[in-house]
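Inspection log for the structure reproduced underneath, given as structure tokens.
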Amino acid sequence: MHDPQRDVPVSIGISGLIAACCYLLPVLAILSAAPAGQVTGIGGFMDAARLVFGVYGDRSGPLLTTAAVLFVFALLTQGSAWMIVSDRMQAMTAADGGSSAAASARSTRGSVLRYG
């Protein structure tokens with residue numbers, strides 16, 4: 001990064017746009033594939049996948065199963081990322097001295113102590 005004052009806002013804007021597309025494009029795809037009355041939460045995704053994979057005839061079952069497994073994997077990895085970020089934010093707050101004295105205690109090497 002050569003010019004943080006210019007680069008940081010640009011990178012935040014680009015990453016925000018990418019994140020918005022990652023959330024909005026699948027929703028728009030589901031809404032375009034499934035009839036409006038059939039879109040209900042998580043079931044709407046699988047109903048849309050069933051409609052889309054229906055054109056493959058006998059192969060639609062394995063494709064739907066693969067899509068379901070990949071969907072569960074995506075949900076698990078997203079949950080893991082959120083848990084890691086929440087722990088990391090607590091550690092960074094402690095490292096910056098924004099937590100209580102006990103949580104901000106440092107080891108002899110200078111890192112925040114781990115509890116648990």
Side-chain angles (χ1 to χ4, degrees):
M1 185 177 313
H2 300 289
D3 185 8
Q5 215 168 15
R6 180 185 60 90
D7 295 344
V8 170
V10 170
S11 63
I12 289 173
I14 291 171
S15 64
L17 183 65
I18 291 170
C21 287
C22 287
Y23 281 101
L24 292 176
L25 291 177
V27 170
L28 292 174
I30 289 170
L31 292 176
S32 67
Q38 291 184 356
V39 178
T40 57
I42 296 291
F45 174 77
M46 294 311 294
D47 289 339
R50 187 176 293 112
L51 285 172
V52 170
F53 293 147
V55 300
Y56 295 112
D58 294 339
R59 294 188 179 136
S60 66
L63 286 172
L64 190 60
T65 302
T66 303
V69 168
L70 291 174
F71 182 62
V72 168
F73 179 73
L75 291 176
L76 289 174
T77 56
Q78 267 191 332
S80 299
W82 277 101
M83 288 187 290
I84 291 168
V85 166
S86 66
D87 293 342
R88 184 71 182 151
M89 292 309 294
Q90 289 176 353
M92 293 309 300
T93 301
D96 290 341
S99 294
S100 65
S104 298
R106 295 188 177 268
S107 71
T108 56
R109 295 183 298 179
S111 63
V112 176
L113 293 174
R114 287 192 235 172
Y115 297 99

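Just so it is clear, the values below take in all heavy atoms, side chains as well, and ignore hydrogens, waters and symmetry mates. In this text the structure is predicted, and so the values were computed from the model without any measurement.
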Report whether Leu64 and Val55 are members of the same hydrophobic cluster (ILVMFWY, side-chain heavy atoms less than 4.5 Å apart, transitive linking). yes
Side chain to side chain contact (heavy atoms under 4.5 Å, CB included) partners for Ala67, two or more places apart: Phe53
Taking every heavy atom of Pro26 against every heavy atom of Cys21, the minimum-distance pair comes out as CD-O, 3.8 Å
Do Phe71 and Leu63 share a hydrophobic cluster (ILVMFWY, side-chain heavy atoms under 4.5 Å, transitive)? yes
Co-members of the apolar cluster containing Val72 [side chain, <4.5 Å]: Leu76
Pairs touching residues 15-29 that satisfy side chain to side chain donor-acceptor pair (under 3.5 Å), sequence neighbours left out: Tyr23-Gln78
Please write out which residues are connected to Leu25 in a hydrophobic cluster, directly or through intermediates, given that two of Ile, Leu, Val, Met, Phe, Trp, Tyr count as joined at side-chain heavy-atom separations below 4.5 angstrom. none
Mind checking side chain to side chain contact (heavy atoms under 4.5 Å, CB included) for Ile14 and listing every partner two or more places apart, or none if nothing turns up? Val10, Ile18
What residues, two or more places apart in sequence or in another chain, satisfy side chain to side chain contact (heavy atoms under 4.5 Å, CB included) together with Leu70? Thr66
Residues clustering with Met89 (ILVMFWY side chains joined when closer than 4.5 Å, directly or via others): Val85
Sequence neighbours excluded - side chain to side chain donor-acceptor pair (under 3.5 Å) pairs with any residue from residues 50-62: Asp47-Arg50
